[in-house]
Amino acid sequence: MSTRRQTVNPKTIIIVGGGVGGLVVANELRRKLPREHRVVLIEKNREHAFAPSFLWLMTGDRKPDKITKPVALLVRSGVELIQAEAKSIDISARSVITSEGSMTYDYLVLALGAELAPDSLPGLAQSAYSFYSFDETKRLRQELTQFNGGNIAIVVCSLPYKCPGAPHEGAMLIADYFQRRGLRHKVHIDLYTPEPQPMPVAGPQLGKAVEQMLASKAISFHPLHKLNSVDGQKTQLLFDAKEPVSYDLLIAIPPHRAPRIAREAGLANETGWVPVDRSTLKTKSENVYALGDIASIGIPGRWKPDVPMMLPKAGVFAHVQAEIVAERIADEIRGRTPAAEFCGTGYCMLEAGEGLAGFAFGDFFAEPSPRLELRNLGRAWHLGKVLFEQWWLSPFGMRRSVLRTALRLGAKAFKIPVSV
Ligand SMILES: Cc1cc2nc3c(=O)[nH]c(=O)nc-3n(C[C@H](O)[C@H](O)[C@H](O)COP(=O)(O)OP(=O)(O)OC[C@H]3O[C@@H](n4cnc5c(N)ncnc54)[C@H](O)[C@@H]3O)c2cc1C
């Protein structure tokens with residue numbers, strides 16, 4: 001029987017943004033596709049910082065160099081890493097223009113994440129600290145070490161924001177930090193948010209459980225507070241239709257916005273985020289995918305009567321979506337019918353301090369609204385998060401494989417759908 005060599009038509013896949021989703025999609029594509037196809041990753045930062053660990057950086061449980069790694073160490077060999085800022089995308093010419101030149105693609109994956117926009121609220125940028133970026137968290141860490149008592153206001157400025165659990169985790173870890181310093185009785189912690197309950201997307205039962213966790217740590221939770229501006233002179237927060245609130249230390253979850261280049265390329269909708277098919281992650285443009293925080297995915301249920309719910313912006317979703325996109329593109333290039341679909345399942349480990357964490361997981365595409373299960377606070381969830389951090393930041397090699405196996409065994413033992 002004669003074997004006929006297939007004619008290879010080499011393809012170029014460009015991934016813009018080498019954070020959680022971008023790294024996974026690049027590495028998965030490189031693993032699945034023969035070398036004649038180019039996998040190009042464009043990332044503006046040399047160092048990757050693992051966002052879930054910002055909370056431990058804030059409390060002094062991590063040093064800055066323990067939660068960062070050069071991006072070059074986190075990509076498989078054979079991924080072409082371009083350290084450059086993507087400046088614009090020309091969909092009709094199938095090209096990406098970067099600070100280092102331009103290149104054309106056969107497939108494009110947008111994994112640019114979300115931008116923080118503290119200057120979009122009057123007075124906020126000048127007055128607030130934050131644990132939502134690496135540099136801001138280092139600044140907050142300094143401030144916390146010098147703070148010996150007073151009112152700490154943690155404010156979710158607007159929706160959507162990354163990781164619906166993070167503001168609550170931050171509040172509990174700050175409470176824990178001052179407990180350890182013997183100053184808890186001198187520090188009042190208030191958490192303000194425009195939402196009607198903690199993590200509304202997860203439903204009323206989980207919201208109640210998180211409120212109870214906050215209350216057990218004497219953290220006051222203030223729903224339905226929409227911040228309009230900050231008066232830095234008077235150290236006051238000015239909320240919509242509420243009395244001004246005084247603070248001594250302001251920690252903000254700043255407004256988020258979709259990266260400009262997606263909007264300018266005409267891929268975004270009126271919200272600025274990029275709508276995608278919820279199963280395939282395809283945008284409206286041929287061979288262009290978007291995943292992770294930049295993508296906008298509607299889910300069943302309504303937040304208010306007139307506001308549909310959106311899939312939360314979280315690394316767990318960016319990770320799984322990246323695997324789906326990689327599989328679909330690789331299948332298409334190899335002449336197979338793509339079958340992988342994102343099915344909306346995800347989980348969240350909620351750090352509660354004292355080495356404990358809560359755990360919730362479930363189906364965000366369930367009808368009529370997302371269905372989540374909640375597990376009791378436990379040390380195992382905290383250890384799982386630490387293990388995941390160690391796995392994520394380890395370069396390819398023996399150590400990474402061992403950590404991956406440990407994570408998979410742990411997930412199997414606890415019957416949870418972790419993707420690593
Ligand atoms: C404090 C905190 C705690 C969190 N905890 C959790 C958690 O416990 N669990 C969880 O699931 N999620 C968590 N998240 C959310 C999670 O980090 C994000 O949802 C996730 O990183 C999104 O992945 P992404 O790939 O979409 O974007 P990102 O990981 O943000 O990556 C985007 C990348 O694009 C790059 N980029 C942007 N613009 C350009 C450009 N023009 N040119 C080139 N490169 C560009 C950026 O430098 C970045 O590397 C947390 C977030 C924060 C802030």
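One-based numbering, in listed order, for ligands and for the atoms of each.
- Remark: ligand 1 and Glu43 share an N or O pair separated by less than 3.5 Å (distance only, no angle test).
- Under a 4.0 Å heavy-atom criterion, Lys385 is in contact with ligand 1.
- By the 3.5 Å distance cut-off applied to N or O atoms, Glu85 is not counted among the residues near ligand 1.
- Test Lys32, Glu28, Arg336 against Glu327 for side chain to side chain contact (heavy atoms under 4.5 Å, CB included) and you get one pass: Lys32.
- Of the protein's non-hydrogen atoms, the one nearest atom 19 (O) of ligand 1 is Asp293 OD1, 2.9 Å.
- Taking a cut-off of under 4.0 Å to the non-hydrogen atoms of Gly292, the atoms of ligand 1 that pass are 26 (O).
- Looking at Val316 next to ligand 1, an N or O pair under 3.5 Å apart turns up.
- Distances from atom 27 (O) of ligand 1 to the heavy atoms of Ala314, Gly113, Gly19 show the closest one on Gly113.
- Between the side chains of Ser285 and Asn287, no donor-acceptor pair of N or O atoms lies under 3.5 Å.
- Taking 4.0 Å as the cut-off, Asn45 counts as a neighbour of ligand 1 on heavy-atom distance.
- Close approach of ligand 1 to Phe131 is summarised as follows: ligand atoms under 4.0 Å from at least one heavy atom of the residue are 1 (C).
- Judged purely by atom type and a 3.5 angstrom limit, Ser53 has no side-chain atom pairing as donor or acceptor with the backbone of Trp56.
- For ligand 1 and Lys313, the ligand atoms under 4.0 Å from any heavy atom of the residue are 19 (O).
- Ring orientation note: the planes of His225 and Phe239 are nearly perpendicular, at an angle over 60° on the 30°/60° scale.
- The nearest heavy-atom contact from the protein to atom 34 (O) of ligand 1 is Gly17 CA, 3.3 Å.
- Checking only distances, Gly315 does come within under 3.5 Å of ligand 1, N or O to N or O.
- For the pair Gly165 and ligand 1, no heavy-atom separation below 4.0 Å is found.
- Contact between Pro259 and ligand 1 is absent, with no heavy atom of the residue lying under 4.0 Å from the ligand.
- Annotation: atom 53 (C) of ligand 1 to nearest protein heavy atom, Tyr132 CD2, 3.6 Å.
- Summary of contacts: the protein heavy atom closest to atom 37 (C) of ligand 1 is Leu112 O, 3.5 Å.
- Scanning the protein for heavy atoms near atom 29 (O) of ligand 1, the closest one is Val20 N, 3.1 Å.
- Taking each of Gly22, Ala114, Ala51 in turn, the one with a heavy atom nearest to atom 17 (O) of ligand 1 proves to be Ala51.
- Between Ala86 and ligand 1, at least one pair of N/O atoms sits closer than 3.5 Å.
- Geometric assessment of Arg400 against the ring of Phe396 yields a positive cation-pi assignment under the 6.0 Å and 45° thresholds.
- Looking only at protein heavy atoms, the nearest one to atom 44 (N) of ligand 1 is Lys44 N, 3.2 Å.
- Between Asp277 and Lys284 no salt bridge is recorded (no basic side-chain N to carboxylate O distance below 4.0 Å).
- Ligand 1 places these atoms under 4.0 Å from at least one heavy atom of Ala318: 23 (O).
- Taking each of Gly18, Cys163, Ala49 in turn, the one with a heavy atom nearest to atom 4 (C) of ligand 1 proves to be Cys163.
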### Task
Mind running side chain to side chain donor-acceptor pair (under 3.5 Å) on Glu195 and Tyr161 for me, showing each step along the way?
CA-CA 11 Å; Glu195 298 151 298; Tyr161 61 93; 3.1 Å; yes

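- For Gly21, a nitrogen or oxygen atom sits less than 3.5 Å from a nitrogen or oxygen atom of ligand 1, counting backbone and side chain alike.
- A salt bridge between Asp331 and Arg328 is absent, with no side-chain N of the basic residue lying under 4.0 Å from a carboxylate O of the acidic one.
- If you check the side chains of His48 and Trp392, you find a donor sitting under 3.5 Å from an acceptor.
- Using a cutoff of 4.0 Å between basic side-chain nitrogens and carboxylate oxygens, Lys385 and Glu351 are not scored as salt-bridged.
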Scan the side chains in residues 100-119 for donor-acceptor partners under 3.5 Å anywhere in the protein, sequence neighbours excluded, and list what turns up.
{"unit_1": "Asp106", "atom_1": "OD2", "unit_2": "Thr12", "atom_2": "N", "d": "2.7"}
{"unit_1": "Tyr107", "atom_1": "OH", "unit_2": "Glu332", "atom_2": "OE2", "d": "2.9"}
{"unit_1": "Glu115", "atom_1": "OE1", "unit_2": "Arg257", "atom_2": "NE", "d": "3.1"}

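- The backbone N or O of Glu354 sits less than 3.5 Å from a side-chain atom of Asp176, completing a donor-acceptor pair.
- Aromatic ring pairs are classed by plane angle as parallel below 30°, tilted from 30° to 60° and perpendicular above 60°; the pair Phe317 and Phe342 is perpendicular.
- The closest donor-acceptor contact from the side chain of Arg375 to the backbone of Phe359 lies at 3.5 Å or more, if one exists at all.
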